[in-house]
Amino acid sequence: MRIVKYLDWMALVAYCSLIFWLSNQQTLPMPPLFEFQDKVMHFGAYFVMAAFSWRAIRHHGLTGNKLALAAWLFCCVYGL
């Protein structure tokens, strides 16, 4: 189980690094398909980050609402 813990944290760090790298780009090669596309993309990106953080944080003994709150707070702080 210890290797799974490290893999979950490495996946979260890699995904956060990807978001950081994409955020530093001048423009992204994405054609505009519909209005508010950027909002949907942000929601999707942070939803995936929440899933990664949920998997990583659960190894520290949090369950239920505390786990959900910790994952949500992680994503909020990272987004700031």
Using a side-chain heavy atom cutoff under 4.5 Å and only I, L, V, M, F, W and Y, what cluster partners does Leu80 have? none

Give a yes or no on whether the backbone of Ala71 and the side-chain of Trp54 come within a donor-acceptor separation of less than 3.5 Å. no

For residues 19-46, pull every pair meeting ring-ring contact (aromatic ring centres under 6.0 Å, His included), keeping only residues two or more places apart or in separate chains. none

My understanding is that only residues two or more places apart in sequence, or in another chain, count here; which of them pass side chain to side chain contact (heavy atoms under 4.5 Å, CB included) with Glu35? none

If you round to the nearest 0.5 Å, how far is SG of Cys75 from CD1 of Ile19? 8.0 Å

Side chain to side chain contact (heavy atoms under 4.5 Å, CB included) partners of Val48, counting only residues at least two apart: Tyr15, Phe52

Who else is in Leu69's hydrophobic cluster (ILVMFWY, side-chain heavy atoms under 4.5 Å, direct or via others)? Trp72, Leu73

Applying side chain to side chain contact (heavy atoms under 4.5 Å, CB included), name anything that partners Met41, two or more places apart in sequence or on another chain. Met30, Gln37

With sequence neighbours excluded, give me every salt bridge (Lys or Arg N to Asp or Glu O under 4.0 Å) pair touching residues 44-53. none

Sequence neighbours excluded - salt bridge (Lys or Arg N to Asp or Glu O under 4.0 Å) pairs with any residue from residues 38-52: none

Check whether more than 12 heavy atoms from other residues, nucleotides or ligands sit under 6.0 Å from atom CG of Asn65, and answer yes or no. no

When rounded to the nearest 0.5 angstrom, what distance separates SG in Cys76 from CE in Met49? 10.5 Å

Sorted by chain and residue number, the side chain to side chain contact (heavy atoms under 4.5 Å, CB included) partners of Leu62 (sequence neighbours excluded) come out as Ile57, Lys66, Leu67, Ala70

Of all pairs that satisfy salt bridge (Lys or Arg N to Asp or Glu O under 4.0 Å), the ones with a partner from residues 7-33, not counting sequence neighbours: Asp8-Arg55, Asp8-Arg58

